[in-house]
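Below is one structure, written out as C-alpha cells; the observations come after it.
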2 protein chains.
Amino acid sequence: MAQITIKDVAGRAGVSPATVSRVLNHGPTVAEELRERVLAAVRELGYRPSSQARFLRTRATTLLGLIISDITNPFFTSMVRGAEDAASKAGYSVMLANTDEDLEKEQRYIEVAAAENMAGVILSPASATRTSISLLAERGIPVVTVDRRLQTAKVDRVGVNNVKAAQDAVLRLVDQGCRRIGFIAGPTEVTTAVDRLAGYRHGLRAAGLAYRRELVVRGDYRIEGGRAAAADLLRLKPRPDALFVSNNLMALGAATALREYGLRYPEDITLAVFDDMRWALGLSDAMTLISQPTYEMGRLAVELLLRRVSGEGFPPRHVVLSAVLV
Amino acid sequence: MAQITIKDVAGRAGVSPATVSRVLNHGPTVAEELRERVLAAVRELGYRPSSQARFLRTRATTLLGLIISDITNPFFTSMVRGAEDAASKAGYSVMLANTDEDLEKEQRYIEVAAAENMAGVILSPASATRTSISLLAERGIPVVTVDRRLQTAKVDRVGVNNVKAAQDAVLRLVDQGCRRIGFIAGPTEVTTAVDRLAGYRHGLRAAGLAYRRELVVRGDYRIEGGRAAAADLLRLKPRPDALFVSNNLMALGAATALREYGLRYPEDITLAVFDDMRWALGLSDAMTLISQPTYEMGRLAVELLLRRVSGEGFPPRHVVLSAVLV
DNA sequence: GTCCGCCTGGAAATCGATTTCCCCCGAGTC
DNA sequence: GACTCGGGGGAAATCGATTTCCAGGCGGAC
C-alpha cells in the first residue's frame with residue numbers, strides 16, 4: 001500500500017540511499033558485497049523507483065507520446081505496432097492517445113505530453129495549419145510527424161510519396177480501360193488528402209484525360225463519409241467506370257454503397273483504394289491497392305525521434321517511403 | 001527551452017511561491033490584487049506546473065491507464081471513446097496501451113502504470129489466470145477489468161452477459177431452421193471465450209440439439225484465425241448450415257473463407273456474429289448480430305474506477321450489461 | 001615510518017511543487 | 001488605548017530520487 005522508497009531499501013541493506021542509487025544506476029564503484037545486499041533488499045521489498053522523483057533530478061523520462069488521429073483506422077494501428085517495437089527495443093514505452101481528428105482533443109493531449117514531460121512525441125496532426133505544437137517546442141520536447149505534415153513547424157517527418165502513388169494508381173486504372181474515374185478525396189485540412197488529390201490530377205493529365213469537377217467528391221476519411229461520397233458519385237449519369245478512394249475507411253463505406261446500388265466489383269465498376277484493406281474488402285486480386293509500409297513508418301518515426309531525444313542536432317529530416325501498387 | 005518554475009512566476013508577480021500555489025489550487029484566502037498579479041504572470045510566462053513535482057507532494061495524478069488487448073479491434077476502440085469521454089468530463093486524461101494479447105507486453109505496461117503512479121487502470125486482461133495486477137494492488141492503484149474477467153483478483157468489473165447472449169443467438173439460429181451450427185470459439189485463456197462457448201452449449205441443449213465436438217473449432221480472436229477456423233468447418237461433410245463466430249475480427253476472416261469456398265450468406269449458409277460489424281460485412285439484415293454496448297462499457301468502467309480513485313470503499317462490483325440480438 | 005593519493009560510501013543539496021507553521025498587521029472590543 | 005482575534009502571506013519543510021562534495025581508510029612509494 002504505502003510507497004516503498006529508496007530509504008527503506010537503504011535501511012534494510014544497511015547502507016545509505018546514495019549507495020542504493022549507485023547500485024541501481026551507474027554501478028561500478030560499489031563493493032561487490034554491498035551491491036549484493038542492496039540488490040537483495042530491492043528484491044525482497046519489491047522496490048521500484050518513483051519515476052516522478054527520478055525525473056525531478058534527471059530531467060529524463062522514458063515515455064514517448066504517440067498522438068494519432070483515429071485509432072479505429074488499421075493504418076494507424078499497424079503503425080503503432082512498429083513504433084512500439086522500436087521503442088521497447090530502446091527501453092522506451094509508448095503511450096497512445098486518440099484525437100478523433102478533433103483539434104481540441106489533440107491540444108489536450110499535447111498538453112498532457114508537455115505536463116508529463118514525455119521524452120518525445122509522434123504526431124499525426126489533425127490539421128496542417130491549425131495544430132499547434134508550440135507547447136512541446138517550448139519545453140524542448142522533440143516531435144516527429146507521421147503520415148501527415150505540419151505547415152509551419154520545422155520538424156522531422158515520416159511519410160509516403162502520396163502524389164506519385166495516387167498518380168500511378170490513376171495510370172493503372174487508365175491502363176485497365178477506365179476513362180471516367182471518380183475520386184473520393186479527404187478533408188482539406190490534411191496534407192495527405194491534398195497530395196492524393198494532386199496525384200489524381202497529375203495522373204489524369206499524364207493520361208491525357210480531362211479533370212472533371214463533378215467526379216471529385218470530398219469525404220472525411222471515415223466510413224460514413226466514404227459511403228455518402230460514393231453514393232454521390234454513383235448517382236452521376238453517366239456513371240463513373242472506376243472509383244478511386246483515397247483512404248481505407250472510406251473504402252469500406254464505398255463498398256457498402258456499391259452493394260446498396262447493386263453493383264459488384266470488379267464486374268460492374270473498377271476500384272482503386274489507398275491502403276491495404278484486403279482483409280475487409282475481399283476480392284483483392286481484382287483491385288488496385290496502394291499499400292503503405294505502415295509498420296515501417298512507425299519504426300522509423302521512433303528511431304528518428306530517439307535520435308533527437310538523445311540530443312543529436314541536424315536539420316529537419318523528411319523520410320519519404322514508397323507506397324506501392326499491388 | 002528551460003523549464004519555467006513556480007519561482008519564476010513568484011518572482012515576476014513579486015510574491016512567494018506559496019502564494020502562487022495558493023492562487024492556482026485552492027484560492028480563496030488570497031487578496032484580489034495579488035491574485036490578479038499572479039494570474040497575469042502565469043499567462044505571460046506560459047507557466048505550467050510540472051506534474052511530477054506536484055505528484056511528489058500530493059500523491060495525486062489525473063492520468064488513467066487503459067490497457068487493452070488489441071487496438072485493431074473496433075470493439076475496443078469504441079470502448080476507448082466511451083472511456084475518454086467520461087474521463088475528460090471528470091478532468092482526467094486517458095493513456096492507451098496495446099498488449100496484442102501478449103502477456104509480456106501487458107506486464108510491461110502494468111509496470112509503466114505503476115511507475116507513473118497512474119490514478120487508476122482499466123484492463124482487459126490477456127489471460128484470466130496468468131495476468132498479474134499485484135504491482136498495481138501494492139501501490140493501491142485501483143483496477144477495473146472490462147470485457148474480460150480475472151480469475152483471482154477481487155476487482156471491479158464491467159462486462160456483458162456473454163453466456164445468455166450466445167445462447168439466445170443459437171436459439172435464434174435454430175428458429176431459422178438451422179440444425180448443424182458450427183461454432184468458432186476464442187482462446188481458452190480469455191473468459192469471454194469460455195462464456196460464449198458455454199452459451200453455445202446451453203443453447204443447443206435448450207433447443208434439444210446434440211453438442212458435436214467436430215462443430216466447434218478454436219480461433220484466436222483474430223482475422224487469420226477466424227479464416228482458418230471457418231475453412232476447417234466448411235470442409236466438414238455434411239457442411240454446417242450455420243456459422244456462429246464468437247468475435248468480430250474472426251468474423252471478417254470467416255467471411256473471407258466463405259468467399260474462398262464460393263459460399264454466399266445468407267443464401268448458402270446462415271451467419272451469426274458476436275459484435276456489430278455491419279460496416280465491414282454488409283448484408284446485415286440477413287444476419288444475427290450480437291451487439292455489445294461498447295461505448296457504454298467504457299463509460300461505466302471509468303465511472304466505477306473514478307469512484308475507487310476518490311477513495312470510496314465498497315465490495316468489488318460487477319456491472320453486467322446486456323448484449324442484444326439484432 | 002610517513003605522506004600522498006585514490007577509492008569507497010555517507011551527508012547533504014537539489015529538482016519543483018505543496019503545505020505547514022508562524023509572524024505580522026489590522027480591526028474590533030472592553 | 002491596549003489587548004485579542006483572525007486573516008493573509010512568507011519561510012521552510014517535505015515528497016523520493018540523484019548527485020555533488022567530502023571524509024575516512026587503505027595501499028603504495030619514497
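Below, read A as the first sequence line, B as the second, and so on, with proteins coming before strands; counting in each chain starts at 1. The structure presented is a predicted model; accordingly, all values stated were derived computationally and were not measured.
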Using atom CD of Gln52(B) as one end and atom P of dT18(D) as the other, report the distance to the nearest whole Å. 14 Å
Close side-chain approach of Asp85(A) to Tyr295(A), heavy-atom, < 4.5 Å: yes
With Met297(B), the side chain to side chain contact (heavy atoms under 4.5 Å, CB included) member among Leu321(B), Val302(B), Ile122(B): Leu321(B)
Figure out the CD1/C1' separation between Ile6(A) and dT14(C), and round it to whole Å. 14 Å
Can you say whether a donor on the side chain of Arg22(A) sits under 3.5 Å from an acceptor on the base of dG10(C), or the other way round? yes
Nearest-angstrom distance from the residue atom CG of Asn25(A) to C1' of dT20(D): 15 Å
Determine the contact category for Ser21(B): base if any of its heavy atoms lies under 4.0 Å from a base atom, sugar-phosphate if only primed atoms, P, OP1 or OP2 are that close, otherwise nothing. base
So, is Ser50(B) near the phosphate of dG16(C), with a side-chain N or O under 4.0 Å from OP1 or OP2? no
Tell me whether the OP1 or OP2 atom of dG10(D) has a side-chain N or O from Thr19(B) closer than 4.0 Å. yes
Round to the nearest Å and state the distance from Arg54(B) atom CZ to dG16(D) atom P. 18 Å
Nucleotide nearest Thr5(A) when distance is taken to its side chain, options dG10(C), dG16(D), dG9(D): dG16(D)
Separation of Asp8(A) atom CG from dC15(D) atom P, in whole Å? 12 Å
Distance to the ring centre below 6.0 angstrom and angle to the axis at most 45 degrees; does that hold for Arg81(B) and Phe76(B)? no
Can you tell me if the side-chain N/O atoms of Tyr47(B) get under 4.0 Å from OP1 or OP2 in dA17(C)? yes
I'd like to know if Arg57(B) reaches the base of dT14(D) with its side chain such that a donor and an acceptor end up less than 3.5 angstrom apart. yes
Distance in angstrom units between Ile4(A) CD1 and dC15(D) P, rounded: 16 Å
Give a yes/no verdict on a cation-pi contact between Arg317(B) and Phe314(B), requiring under 6.0 Å between NZ or CZ and the six-membered ring centre and an angle within 45° of the axis. yes
Short side-chain to backbone donor-acceptor contact, Ser69(B) and Ala126(B), under 3.5 Å: no
Tell me: NZ of Lys7(B) to P of dA12(D), nearest whole Å? 12 Å
Rounded to the nearest Å, what distance is computed from the CG atom of residue Leu56(B) to the P atom of nucleotide dT14(C)? 17 Å
Of the listed nucleotides (dT18(C), dA11(C), dG16(C)), which one gets closest to any side-chain atom of Ala18(A)? dA11(C)
